[in-house]
Every structure is written in structure tokens, then in C-alpha cells.
Amino acid sequence: MSGILKLRQKLIEQLTIAAAKAQQTGKLPTVALPEVSLEHPQHSKHGDYASSFPLKLARATGIKPLTIAAEITNLMTPGPEVESIVTAPPGFINFTLKNSWLTSQIETILPAGETYGNIDLGQARRMQVEFVSVNPTGPLHVGHGRGAIFGSTLANVLTASAYNVEKEYYINDAGNQIDVFYRSLYTRYQQCLGAKTEMPVNGYLGDYVTDLAKEIIAEKGDRYLNLPETEVISQLGQLGLDKMIAQIKADLELLGVTFDVWFSESSLHRKGQFQTAMSLLHQGGYLAEKEGATWFMSTALGEDKDNVVIRGNGSPTYFATDIAYHYNKFVERKFERVINIWGADHQGHVPRMKAVVNALGISPERLKVIISQMVTLHRGEQLVRISKRSGDLITLREVIEEVGTDACRFFFLSRTADSQMDFDLELAKKESADNPVYYVQYAHARIASILRLAEERRIDFGNGDVSLLTHEPELVLIRKLMLLPELVETVATTLEPHHLTYYAQDLATVFHSFYRDCRVISPNKTLTKARLKLVKATKIVLAKTLRLLGMTTPESM
RNA sequence: GUCCCUGUAGCUCAGCCGGACAGAGCAACUGCCUUCUAAGCAGUGGGUCGAGAGUUCGAAUCUCUCCAGGGACGCCA
């Protein structure tokens with residue numbers, strides 16, 4: 001555990017012990033102690049840590065919060081890290097850390113290097129993050145990109161938190177939609193070769209299907225034209241599917257998103273896991289026949305309505321296959337926790353999925369579904385369409401190529417998953433001060449530039465004395481550097497990666513201020529060395545943050 | 001009609017497991033480059049936290065009722 005997290009725990013312990021001691025000695029009445037809270041106060045004048053514990057204790061005891069704070073504080077002896085423990089109205093206990101302890105933390109960051117910020121929260125527990133999982137019936141759009149970036153960043157942070165993470169893309173290569181896609185492709189193929197055929201009902205009308213057909217004609221010619229229809233559809237379909245998946249994979253790689261496993265829906269049927277899952281539900285008495293179909297009786301588990309699993313025609317629904325898929329995740333592959341990132345259009349699917357996991361005898365807490373809300377795309381004032389079937393759509397690839405991977409990632413990650421977002425192409429593109437992406441990267445480039453100069457002048461700062469760092473901007477910067485492990489913990493716990501982008505901006509800001517106020521390479525040799533250590537540590541932390549975000553760390557701009 | 005998400009500065013958004021005067025970026029205005037990157041820094045102005053009620057010593061944060069925007073309610077996925 002990193003020093004800062006240990007310290008935090010230690011302060012909480014000390015508060016708890018002091019409160020218990022106060023109770024034993026009769027200074028405070030013996031009531032059940034509320035949870036000891038410890039937070040970073042909004043304003044630095046309130047110290048490094050603050051606890052509102054006395055305020056909470058006041059309710060149960062009926063004693064003035066400030067009196068409680070004083071009693072507890074009196075019973076605490078500050079450790080070597082702590083400069084002062086003071087009470088503040090209306091009943092806070094504020095902790096200020098020693099400058100010497102703060103500066104010494106630089107010496108823990110430097111040797112840690114890329115591993116600084118890693119924590120052992122997960123203890124190698126197996127966790128799956130499943131995301132994107134878009135039907136391979138068309139290209140990705142911007143909304144999918146959001147989920148992709150969100151999922152990959154979350155996986156980065158969970159990995160840094162010592163979870164054993166597997167990133168997975170679920171390929172819906174079975175069922176209705178894929179059939180329609182196959183038949184759409186077949187029709188376009190025929191049409192491109194001169195046949196007058198009609199597109200299937202609800203077929204995929206996007207130009208990409210025609211492009212795909214042309215590509216296949218260029219590679220394979222008209223050989224599929226004279227085969228029996230069912231055979232063509234399976235052969236041509238498989239070819240089209242493979243190409244579609246390859247395209248999706250390429251788009252995602254352009255976004256810096258990769259997967260460990262590409263899981264095939266149809267394999268659930270081939271390997272009998274679908275049958276196993278269904279019979280488990282059957283044995284549990286959760287299935288019933290009515291209106292010619294087989295239903296999962298969700299209402300018995302408190303849901304609004306029941307859901308069909310096997311249609312009247314004998315084919316399984318999407319829901320049924322998803323049941324088998326989750327059986328596979330938890331029972332066959334034994335993931336301790338599973339995180340699914342779904343688009344907003346799947347939100348109605350969450351409660352019944354939870355219910356069915358429960359019915360399979362799996363604790364529903366092990367399944368977490370994050371809903372990624374919709375994205376609307378703007379170019380200045382103008383709305384840009386992204387929907388699959390409209391004519392003037394803009395694909396994810398076009399957006400990435402226009403805006404750039406780093407800017408895309410940063411923008412998407414700057415908002416919580418559950419708020420709908422406006423993505424302004426113009427703003428995202430503008431490479432100027434009004435774009436926080438470059439603001440953060442510029443700080444990194446600036447640091448790199450300083451370190452380059454130090455190298456040119458052959459300044460060896462390995463023996464720099466960090467205790468010389470006593471100026472306010474230096475201490476402010478150190479305090480910010482030390483927040484990274486806590487931040488990683490927060491993101492891994494709340495599953496909200498947007499905090500990272502705010503931290504990156506804060507860190508860049510305090511560095512830029514430091515840069516202005518504290519000349520790093522100066523005639524003062526000892527101070528130069530000390531500051532170079534701080535600068536190097538800042539580079540480590542900033543680079544780590546950018547890497548967690550999946551962004552590049554430019555050495556110059 | 002039922003359920004989910006959202007409503008905070010002119011704009012885009014943080015903050016929401018209750019706590020110390022409500023924050024950031026952009027936009028507006030004012031200063032700062034002979035010294036390590038001005039894609040930077042320092043400062044000013046700007047808010048009925050959608051509305052109303054309730055719980056509490058204390059509410060942007062919790063509860064309820066409304067209002068507004070988006071989404072979901074299929075033997076589609």
C-alpha cells in the first residue's frame with residue numbers, strides 16, 4: 001500500500017482510538033461510534049485532512065460538536081508525519097502534514113516510476129469488463145466510441161488496482177439481426193451483379209453494405225450467384241461478418257481500445273451452455289409455458305413483467321442467450337465480478353438480467369451494469385447525425401480521424417457515464433488554450449523540456465536534497481502528486497473514470513504555477529537538483545495519469 | 001401510463017454515501033515573454049444549485065410532489 005493510503009488509514013485509526021479512550025475515561029458518553037470520516041477539505045487553510053466525526057457524534061451524544069472535537073484532539077498525539085491537529089468550528093478536526101514528510105514522498109515516487117499510483121485493492125481477484133459488444137451488422141458510431149473509451153479506461157484503472165482484468169467483446173453472431181444482415185448483404189451482392197432483387201424487410205440500408213458487397217465481388221467474383229440460396233447466405237454471410245468484425249476491431253484500435261477476448265454468441269449454442277443454463281432455470285421452477293412460448297417468470301422475483309426466452313417458433317430470444325452468456329461468465333469461467341457497459345437503449349434489460357443472475361444462484365452484487373448515456377454530435381451550432389440508417393451519417397472512424405485519438409478519449413472521459421453528452425467537433429479539434437487536452441499534454445512536454453536541458457548540462461540530480469523544497473508552489477505540487485493513489489482507489493471503487501481527467505487538469509495547473517514561480521535550473525546548484533527531483537516525480541505522475549486515460553505523453557509540442 | 005438518466009455561472013460540465021464562504025474549463029475584461037516551451041501565468045466580473053414542501057444542528061447532496069429535456073417499456077438486439 002502506498003504511503004499516503006497507509007497514512008490515511010492511520011489517522012482514521014487514531015481518531016477511533018481517541019474517541020474510544022474519551023468514552024472509557026468518561027469524557028464522552030458511551031454511545032455507538034459513527035463511521036470515522038476523513039476527507040480532503042475544500043480549502044487548503046483547513047489542512048490536508050479533515051474529519052467531521054465530532055459533528056456526527058454530536059447527534060448521538062447531545063454534546064456540542066466543538067467540545068467533542070476538543071476532547072478527541074486532546075487524546076491524540078501527532079505521529080511523525082503530522083504537523084498539527086486542530087479543531088475548527090462548527091466541529092471539525094483538521095490535520096496538517098509536516099513539510100518534511102511531504103517532500104520525502106518524492107523519494108517514494110521516483111523509484112516507483114510507472115508503478116506509482118498502483119494499489120493492491122483487487123488482490124488479483126478475477127474481474128471481467130465487457131464492453132462495446134456492438135452487433136457486427138454495421139460500423140461503429142460515436143456513441144459506441146464512448147462506451148469503448150470508458151471501458152478501456154476503467155480496465156486500465158482496475159488493472160492498476162491489482163484486479164486480474166479481462167476485457168471482452170461479445171459478438172452477436174447468431175439470431176435475427178445477423179440473419180437480416182446476411183440477407184441484406186446477399187441482396188446487395190446480387191444487385192451489384194445486375195440482378196433486380198428487393199432488400200429484405202427492415203434490411204440494413206447503409207452504403208457500407210453495398211461497399212462490402214463490392215469488396216467481396218472484387219475478391220471473389222460472382223461465384224456465389226449460382227449456389228443454392230441457403231448455402232450462399234451462410235458462406236457470403238460468414239465472409240461479410242468476418243470483414244465487419246475486422247473493421248470494428250480496426251476502428252477500436254485507432255481509438256486505443258483492445259480486447260483480450262472476442263466471445264462468440266454462437267459458441268454458447270455449439271458448446272451446450274445455452275441448454276445447461278435453460279435447464280438450470282427450469283429446475284429452479286423459473287420457466288413456464290404460456291401463449292405458445294417459454295417464459296422466464298421474472299414477476300415471481302419482483303419484476304414488472306415476464307420475459308420470453310424461447311419463441312413460439314422454437315428459437316431463443318436475445319435475452320435467453322444473454323442468460324447463457326452470464327451463466328458462462330460466472331459459472332463456467334468463474335469471474336468474481338463482472339462489469340457490463342451497455343448503451344442507454346439497454347437500460348430496460350438491466351433489472352431482468354439481475355433477476356436471472358439471481359435465479360441462477362449467483363449473488364447479483366457480482367454483476368455491475370454501467371449504462372453509458374447517449375451522445376449527440378455537433379459541429380459548432382449544427383447537429384451532426386450519427387444514426388446507422390440515415391444517409392448523412394458520420395462514423396466513429398471519421399470523427400477519430402478528424403479530432404484525433406487523444407482529444408476523443410479526453411472529451412469522452414470528461415463526463416460521467418450517466419449524463420448525456422454533447423460532443424462538439426469544433427471545440428474538440430481546436431488546438432489552443434481552450435482545449436484541456438493540450439493544456440495537460442503541454443505540461444508534460446514542458447517537463448520533458450526541462451529534463452532535456454538538465455541532461456544537456458549534465459546535471460546529475462540523483463543526490464538532490466528534497467528537504468530544500470519549502471516554497472509554497474513546491475509543496476502545493478507535492479500534495480497534488482500524492483493524491484494519485486487515492487484517486488486510483490476512488491475510480492476503482494466508484495467505477496467513475498471521469499475523475500482522472502479532472503485530476504490531470506488540476507495537476508497540470510499546479511505544475512504550470514510552480515513553473516512560473518520556481519525557476520528549476522538556476523545558479524543555485526543544490527536547489528536545482530532538489531527541484532529536478534520534483535519535476536521528475538511530476539513527470540512520472542502526469543504520465544501515469546495520461547496512460548491510465550489511454551493517451552499519449554508527448555515529449556515536445 | 002410505468003421505469004431509468006439528466007436539470008448547478010452566458011456555454012460545456014465537476015461536486016451529490018449531508019458538513020466549513022458553491023468549483024473548473026471556455027467565453028468577457030485587465031495585466032505578464034532579454035532567463036528552463038506564452039499551447040503558459042496572475043487577476044476581475046459572473047450563480048433563485050429547475051420549482052415547491054419535508055427530514056436535520058446543517059441540504060446542490062436525503063425524501064416527497066411537480067415542471068422541463070432525453071431514453072426504455074417487442075416472441076428486436
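Since this is a predicted model, take the numbers as computed values, not measurements. Every chain is numbered from 1 and lettered A, B, ... according to where its sequence line falls, protein lines coming before strand lines.
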Regarding [X], tell me which of base, sugar-phosphate or nothing describes its non-hydrogen contacts under 4.0 Å with the strands shown.
X	result
A:A344	sugar-phosphate
A:E555	base
A:A448	nothing
A:R352	base
A:M374	sugar-phosphate
A:H346	base
A:Y515	base
A:P41	base
A:T416	sugar-phosphate
A:K56	base
A:E291	base
A:L453	sugar-phosphate
A:K64	nothing
A:N94	base

Item to complete: Mark yes when over 12 heavy atoms from residues, nucleotides or ligands other than A:K354 sit less than 6.0 Å from its NZ; otherwise mark no.
Response: yes
Expected output: side-chain [X] to main-chain [Y] donor-acceptor under 3.5 Å:
X	Y	value
A:Y204	A:R183	no
A:N94	A:A50	no
A:R146	A:Q373	yes
A:S522	A:N524	yes

Worksheet item: How about A:T509 and A:Y439: do any of their side-chain heavy atoms sit closer than 4.5 Å?
Response: yes
Worksheet item: Is there side-chain contact between A:V157 and A:V488, with at least one heavy-atom pair below 4.5 Å?
Response: yes
Practice prompt. Give the ring-plane orientation class for A:F296 versus A:Y286, where under 30° counts as parallel, over 60° as perpendicular and anything between as tilted.
Written response: tilted
Protein and nucleotides 59-61 of chain B: nitrogen or oxygen contacts under 3.5 angstrom:
none

Worksheet item: Starting at the 5' end of RNA chain B and moving along, which residue's nearest nucleotide shows up first, A:A88 or A:N313?
Response: A:A88
Worksheet item: When you match A:S52 and A:D506 each to their closest nucleotide on RNA chain B, which lands nearer the 5' end?
Response: A:S52
Worksheet item: Are the ring of A:Y502 and the base ring of B:A14 both nearer than 5.5 Å at their centres and tilted by less than 30°?
Response: no
Worksheet entry | Centroid under 5.5 Å and tilt under 30°, A:H46 to B:A20 | yes
Worksheet item: Could A:R352 and A:F319 be counted as a cation-pi pair, given that NZ or CZ must be under 6.0 Å from the ring centre and within 45° of the axis?
Response: yes
If you only use heavy atoms from C-beta on, which nucleotide in [options] is closest to the side chain of [X]?
X	options	result
A:S419	B:U6, B:C75, B:G40	B:U6
A:R415	B:A72, B:C13, B:C5	B:C13
A:D345	B:C13, B:C36, B:A72	B:A72

Discussion item. Between B:G45 and B:U8, how many Å separate the two P atoms, rounded to a whole number?
Written reply: 23 Å
Worksheet item: Roughly how far apart, to the nearest Å, are B:C64 and B:A77 at atom C1'?
Response: 37 Å
Worksheet entry | Dot-bracket encoding of pairs in RNA chain B, which uses [ ] for pseudoknotted crossings and | for another strand, Watson-Crick or G-U under 3.5 angstrom | (((((((..((((.....[...)))).(((((.......))))).....(((((..]....))))))))))))....
Can you find a donor-acceptor pair, distance only, under 3.5 Å between [X] side chain and [N] base?
X	N	result
A:H43	B:C21	yes
A:Q420	B:G71	no
A:Q505	B:G25	no

Worksheet item: When the ring centroid of A:F423 is compared with that of A:F411, is the distance short of 6.0 Å?
Response: yes
Response to the item:
Judged by whether its glycosidic angle lies within 90° of 0, B:C26 is anti
Worksheet entry | Distance-minimising heavy-atom pair for A:T317 and A:V308 | OG1-O, 3.0 Å
Practice prompt. Take atom OH of A:Y439 and atom P of B:G40, then tell me their distance rounded to the nearest Å.
Written response: 7 Å
